[in-house]
Amino acid sequence: MFGRILKAAFFSTALASTAAAGELSIFANGEELATEGFLAPELTRDGWQLNFSNVFVTLSGITAIQAEPPYDAEAGGEPATSVSAGLDPAAPLTIDLTETDEDGRVLLGSIAASAGHHNAISWSVVPATEGEWAGQSMVFVGTATRDGQSVDFTLTSPDRHAYVCGEYVGDERKGFLVEGGEADLEITFHLDHIFGRADVDLDDPMNIDAIGFDPFAAGGTHAIDLSGLHIGHVGEGHCAVVFG
Amino acid sequence: MQSFSGRLFVITLGALLLPSHAQAHAALITLGPVEAIEIHAGYDTGEAMRGAQIVVYAPDNPAQPWLTGTADDSGRFVFVPDGTPGRWAVQAREAGHGAMSYFIVEGGETTALLPAPAQYDPLQRLVMLASIVWGAIGTALYFRRPRQRERA
């Protein structure tokens with residue numbers, strides 16, 4: 001399959017600027033909205049249940065950063081990088097957010113990295129250069145159901161979005177790498193920023209900006225415009241994003 | 001430790017001077033200002049993060065929570081760091097959104113590291129921010145001077 005083929009090609013190249021001390025693994029996560037779907041009460045903002053068979057995302061330039069001072073995603077711009085380590089930037093990676101490990105994550109790669117706190121990360125969503133969905137950066141394949149009506153859909157986006165994020169925000173802090181140790185980072189895709197959520201107020205900014213599913217209610221293949229939507233996060237932490 | 005020493009001193013005095021009330025249950029309160037960190041957690045829409053989960057990480061064990069708590073309805077949370085020098089981190093989370101802030105304690109001085117309020121982009125809705133205000137805010141926490149209000 002498209003995603004698996006490219007996955008084999010990107011297992012990592014270390015670009016650390018100082019001697020490697022340990023192994024840093026980087027994961028992607030589409031949360032349960034990708035793996036389980038939009039299920040009641042978490043339907044789309046316009047009341048659709050969505051079940052995905054594939055959520056393809058093509059990534060490039062995935063770089064873990066030790067930023068000093070810590071990166072301020074609200075201010076945007078470039079992080080003050082002291083040390084960075086990245087996956088091979090020459091090989092865009094397509095993953096399927098529905099094909100996860102037992103923790104609901106997709107391993108992007110493991111790289112040799114320097115000791116310290118990797119408190120920032122950057123990556124880009126880019127069009128795939130080969131495979132079934134070449135030219136598309138995100139592809140959603142699945143079934144939508146509302147009021148007893150079900151339609152199969154394929155939504156495609158060629159949009160480019162570049163993200164720079166600060167520290168992961170979640171149940172635990174991530175990115176602390178000690179000599180000879182292991183650590184991990186995670187980039188998180190919030191699909192509710194695309195489709196909205198019925199269990200959140202309709203006047204919530206997320207729902208105001210979200211597209212919902214009504215525009216695609218006829219089923220079939222549609223282009224979806226993701227520009228302006230803040231899909232990429234680090235856990236619950238927001239990122240600076242540039243489109244185009 | 002300061003409160004423990006003060007309480008012990010008072011109990012000892014009571015035993016010496018008030019033998020008929022030697023089992024003293026006197027409640028003693030003393031007040032004094034301390035330097036505290038005040039967090040305001042909210043969204044850049046201006047909406048407060050009501051009841052946000054707050055986690056504080058100290059510099060000597062940054063991967064483990066030093067303090068956890070809950071912000072009030074205005075997104076406010078106040079705590080007193082223990083003076084451990086280095087970079088402290090404060091995390092605020094609510095309804096799937098969260099942010100980290102940092103401050104430095106060094107040489108008895110506290111300096112906010114991130115974020116700087118002037119850097120917020122008001123156009124970026126849904127982006128959560130947490131700000132830190134620090135200084136002596138008159139939080140009265142410690143026992144210092146005993147004052148007897150009641151004897152058992």
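Labels below follow one simple rule: chain letters A, B, ... track the order of the sequence lines, proteins then strands, and each chain is numbered from 1. These numbers come from a predicted model, not from an experiment.
Gln91(B) contributes a side-chain N or O that, together with a main-chain N or O of Gly170(A), makes up a donor-acceptor pair within less than 3.5 Å. Side chain of Arg93(B) to backbone of Glu236(A): no donor-acceptor contact under 3.5 angstrom is found.
The heavy-atom pair separating Leu113(B) from Pro69(A) by the smallest distance is CD1-CB, 4.2 Å.
Sparse packing is recorded around CG of Asp171(A), with 12 or fewer heavy atoms of other residues, nucleotides or ligands lying under 6.0 Å away. More than 12 heavy atoms of other residues, nucleotides or ligands shown are found within 6.0 angstrom of CD on Glu36(A).
For His190(A), the part lying under 4.5 angstrom from a heavy atom of chain B is the side chain only.
Sorted by first then second residue, the salt bridge (Lys or Arg N to Asp or Glu O under 4.0 Å) pairs that include residues 51-70 of chain A, not counting sequence neighbours, are Glu68(A)-Arg87(B).
Looking at Arg173(A) and Pro62(B), their side chains come closer than 4.5 Å, going by heavy atoms from C-beta outward. Considering only heavy atoms from C-beta on, Tyr168(A) stays 4.5 Å or farther from Met100(B) through its side chain.
Between the OH atom of Tyr43(B) and the CG atom of Asp204(A) there is a distance of 8.0 Å, given to the nearest 0.5 Å.
Between His238(A) and His97(B), the angle of the ring planes stays under 30°, which puts this pair in the parallel group of the 30/60° scheme.
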